[in-house]
Amino acid sequence: MRIDVLVLGGGAAGLWCLDRLRRAGYHAILLESKALGNGQTIQSQGIIHGGGKYALRGVRDFDAVRATSSMPERWRQSLVGAIEPDLAGTEIISTKCHLWLPRGSVIAWLQSLAFMSFVANAGLLATRPVKVSKAAWPEALRDSALAVYSLAEPVIATGSFLRALAARHKEFIFLYDGAALEFAADGVRVGDVLLQPRAMVLAAGAGNGELLGKAGMNADLMQSRPLAMVLLRGELPPLFGHCIVGGKTGLTITTPVPGIWQIGGEIAERLANEKNLAAARAAALVEIRRWLPRLDLARADIAIYRAVRAEARTAASRRPSGVHANQVAPGMVVAWPTKLSMAPVLADEVCEMLQLDLKTPGGYDETPPWPTPTVARNPWEEAEWFAVN
Ligand SMILES: Cc1cc2nc3c(=O)[nH]c(=O)nc-3n(C[C@H](O)[C@H](O)[C@H](O)COP(=O)(O)OP(=O)(O)OC[C@H]3O[C@@H](n4cnc5c(N)ncnc54)[C@H](O)[C@@H]3O)c2cc1C
């Protein structure tokens with residue numbers, strides 16, 4: 001079966017690469033082994049970062065600030081169908097995020113304020129934080145914040161995004177048996193089917209490690225950073241925001257559907273080290289109550305879900321600054337977007353890289369006999385919930 005490009009993995013990275021390559025005229029197909037976005041994309045908070053959060057951390061992250069600063073505007077255009085890919089079917093659950101400086105943390109306030117204005121003045125931030133007057137603060141922050149800023153970073157429902165992007169190419173996206181995949185001298189074998197791509201994109205998130213190993217490459221190119229994300233369910237007012245503590249995002253809270261909070265940020269990195277889930281839930285509640293002391297959780301439920309950030313390896317396992325697309329063998333590119341928001345940049349890079357080799361699109365004879373994958377389920381639909389009290 002002749003193909004121009006075989007994309008492995010149907011998360012944000014693989015789907016955006018498929019779209020980019022097909023728009024460039026190539027016969028590209030995508031194989032997904034479980035469900036679209038199963039892993040990071042469906043587990044993510046869907047914030048289209050513009051660098052505002054990175055800017056808090058220090059000068060070493062200026063690269064990340066620069067790389068992400070144009071993303072909110074690029075996505076906004078796609079989300080209204082003004083540019084390709086037309087993602088107008090994606091649900092925008094908030095047009096902005098808030099940054100809030102919690103009461104009881106004056107040092108954090110001074111640090112963050114000074115740093116924010118420095119970065120904004122340096123012209124690095126496309127999405128500058130704007131101070132919000134007290135009357136307009138989100139309900140959840142009314143008695144818990146010292147100051148609130150607004151950042152023009154949209155938040156999307158990741159399931160609807162995966163559906164909208166996949167719908168553009170559904171006849172070229174296949175659910176296959178990933179365990180049966182073998183890299184052979186004459187192509188890629190999956191059981192009886194022989195695929196003969198001119199080029200391949202490994203965009204399987206955490207699955208890239210195994211794929212690299214199977215292809216005889218160095219699986220050590222990937223690093224995994226574990227997270228334990230917190231979910232709250234109850235009478236919770238909508239909140240999309242980062243709690244800034246000491247120049248870091250202590251909590252990042254989003255409201256993917258009414259009455260559910262998804263909580264990440266530094267808390268998720270710390271809780272990842274706690275093996276006991278009951279202890280992790282208790283520690284999460286201490287932290288949430290510390291920064292949102294007025295929040296009434298008497299009738300709320302809590303859950304923890306584990307996630308893994310799969311990225312290109314960096315020195316000392318630090319967060320990579322930007323996207324990573326690396327030609328590991330002739331015609332084989334391994335790709336990690338680092339952030340959902342960076343998937344468009346990754347797809348541009350992968351397409352440019354492959355165009356150097358592929359040049360003109362080739363033809364194709366047939367397509368694989370496999371079904372279309374569904375979109376992965378949201379973490380709050382799969383979580384095991386416990387009463388807070
Ligand atoms: C908890 C969490 C919150 C986050 N929040 C944000 C945020 O708010 N904003 C932001 O910009 N970024 C966020 N990120 C980062 C972002 O989600 C990821 O960078 C991005 O989704 C990665 O996309 P991906 O396609 O590379 O990987 P994934 O989304 O993990 O997709 C990989 C796909 O490959 C498939 N696969 C695996 N193995 C194989 C195989 N052998 N063959 C075929 N398919 C295979 C999987 O089933 C899956 O569908 C978050 C990440 C996490 C974990």
Side-chain angles (χ1 to χ4, degrees), residues 6-18 30-51 53-54 64 68 71-72 75 93-94 97 153-156 158 161-162 165-166 173-183 188 190 200-215 222 224-231 240 242 249 252-254 256 262-265 267-269 272 304-312 319-320 323-325 334-347 373-376 379:
L6 177 63
V7 180
L8 294 173
L15 287 170
W16 211 298
C17 286
L18 177 74
L30 183 151
L31 302 188
E32 165 58 49
S33 61
K34 291 200 176 90
L36 297 174
N38 181 72
Q40 300 163 91
T41 305
I42 202 70
Q43 291 178 325
S44 92
Q45 291 185 274
I47 301 171
I48 307 304
H49 294 290
K53 201 178 78 155
Y54 287 119
T68 47
M71 286 303 105
W75 276 78
I93 50 178
S94 180
C97 283
E153 297 184 345
V155 187
I156 57 166
T158 54
F161 152 70
L162 288 160
L165 191 48
I173 299 175
F174 303 93
L175 178 68
Y176 82 120
D177 178 5
L181 177 140
E182 286 169 35
F183 294 94
V188 174
V190 183
M200 244 181 288
V201 182
L202 311 187
N208 275 349
E210 191 187 336
L211 286 172
L212 284 168
K214 276 191 177 181
M222 185 177 87
S224 306
R225 288 191 297 120
L227 299 173
M229 299 287 290
V230 184
L231 294 169
F240 296 87
H242 308 285
T249 46
T252 292
I253 301 181
T254 47
Q262 203 171 350
I263 307 178
I267 189 177
E269 295 186 17
I304 302 266
Y305 70 91
R306 294 198 183 274
V308 168
R309 278 189 191 275
E311 306 158 335
R319 296 163 210 223
V323 301
H324 183 92
V334 64
W336 290 279
T338 308
K339 289 258 144 211
L340 166 70
S341 53
M342 300 291 281
V345 177
L346 180 77
T374 55
V375 168

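Nothing fancy with the numbering, it's 1 onward along the sequence. Start at 1 and go down the list; that is how both ligands and their atoms are numbered.
- Proximity of I263 to L231: side-chain heavy atoms (C-beta onward) are nowhere separated by under 4.5 Å.
- Ligand 1 has at least one atom lying under 4.0 Å from a heavy atom of A35.
- One option in A204, A335, G9, G39 has a heavy atom closer to atom 32 (C) of ligand 1 than any other, and that option is A204.
- Proximity of H49 to ligand 1, defined as any heavy-atom pair under 4.0 Å, is confined to the side chain (atoms from C-beta onward).
- The L227 neighbourhood of ligand 1 comprises atoms 1 (C), 53 (C), with distances under 4.0 Å to a heavy atom of that residue.
- With rounding to the nearest 0.5 angstrom, the NZ atom of K339 is 14.5 Å from the CG atom of L346.
- Polar contact check, T41 against ligand 1: a nitrogen or oxygen pair lies under 3.5 Å apart.
- With contacts defined as side-chain heavy-atom distances shorter than 4.5 Å, the pair P154/S94 does not qualify.
- Formation of a donor-acceptor pair under 3.5 Å by the N208 side chain with backbone atoms of L202 is found in this model.
- Polar contact check, I47 against ligand 1: a nitrogen or oxygen pair lies under 3.5 Å apart.
- No N or O atom of V308 sits closer than 3.5 Å to an N or O atom of ligand 1.
- In this structure, a donor-acceptor pair under 3.5 Å is absent between the side chains of S341 and H49.
- If you check which protein heavy atom lies closest to atom 27 (O) of ligand 1, you get Q40 NE2, 3.2 Å.
- Not a single N or O atom of Y305, backbone or side chain, sits closer than 3.5 Å to an N or O atom of ligand 1.
- Not one N or O of G207 is nearer than 3.5 Å to an N or O of ligand 1, by distance alone.
- Listed by number with element, the atoms of ligand 1 under 4.0 angstrom from any heavy atom of G37 are 49 (O).
- Separation of atoms CZ (F161) and CH2 (W16) is listed at 5.5 Å; rounding is to 0.5 Å.
- Among all non-hydrogen protein atoms, the one lying nearest atom 5 (N) of ligand 1 is Q45 N, 3.2 Å.
- Within ligand 1, the atoms closer than 4.0 Å to a non-hydrogen atom of M229 are 1 (C), numbered from 1 in the order shown.
- Summary of contacts: the protein heavy atom closest to atom 39 (C) of ligand 1 is S33 OG, 3.3 Å.
- Counted within 6.0 Å of NZ on K214, heavy atoms from surrounding residues, nucleotides or ligands total more than 12; the atom is thus considered enclosed.
- Contact check for L8 versus L30: no side-chain heavy atoms found under the 4.5 Å cut-off.
- Counting the atoms of ligand 1 from 1 in the order shown, those under 4.0 Å from a heavy atom of L211 are 41 (N).
- With a 4.0 Å cut-off on non-hydrogen atoms, K339 touches ligand 1 through its backbone as well as its side chain.
- Residue contacts with ligand 1: S341 is placed with a nitrogen or oxygen under 3.5 Å of a nitrogen or oxygen of the ligand (distance criterion only).
- The proximity of A268 to ligand 1, defined as any non-hydrogen pair under 4.0 Å, does not occur for either the backbone or the side chain.
- Distances from atom 35 (C) of ligand 1 to the heavy atoms of R306, E32, E210, R309 put E32 nearest.
- When the options A13, S44, A179, G14 are ranked by their closest heavy atom to atom 4 (C) of ligand 1, first place goes to S44.
- Of the heavy atoms in T254, none comes closer than 4.0 Å to ligand 1.
- Inter-residue side-chain proximity for T252 and Q45 is flagged as met; some heavy-atom pair is nearer than 4.5 Å.
- The distance from ligand 1 to the heavy atoms of L31 drops below 4.0 Å at these ligand atoms: 43 (C), 44 (N).
- Atoms OG and CG, from S33 and L181 in turn, are 9.5 Å apart once rounded to the nearest 0.5 Å.
- Residue-to-ligand polar distances keep G178 apart from ligand 1: every N/O pair is separated by 3.5 Å or more.
- In this structure, the protein non-hydrogen atom closest to atom 16 (C) of ligand 1 is L340 N, 3.4 Å.
- In E210, the CD atom is not crowded: 12 or fewer heavy atoms of neighbouring residues, nucleotides or ligands sit closer than 6.0 Å.
- Taking each of G265, P337, G11 in turn, the one with a heavy atom nearest to atom 22 (C) of ligand 1 proves to be P337.
- The residue from R225, Q40, R319 that alone fulfils the side-chain hydrogen bond (donor to acceptor under 3.5 Å, both in side chains) condition with E311 is R225.
- The NE2 atom of H242 sits 4.5 Å away from the SG atom of C97 when rounded to the nearest 0.5 Å.
- A search for salt bridge (Lys or Arg N to Asp or Glu O under 4.0 Å) contacts involving E32 returns nothing, not counting sequence neighbours.
- With rounding to the nearest 0.5 angstrom, the CG atom of L165 is 9.5 Å from the CG atom of L36.
- Assignment of G264 to the shell around ligand 1 is not supported, since no heavy atom sits closer than 4.0 Å.
- Put simply, CD1 on I173 and CG on L15 are 5.0 Å apart, with the number rounded to the nearest 0.5 Å.
- Scanning the protein heavy atoms around atom 48 (C) of ligand 1, the nearest turns out to be N38 O, 3.0 Å.
- Among the atoms of Y176, some N or O lies under 3.5 angstrom from an N or O of ligand 1.
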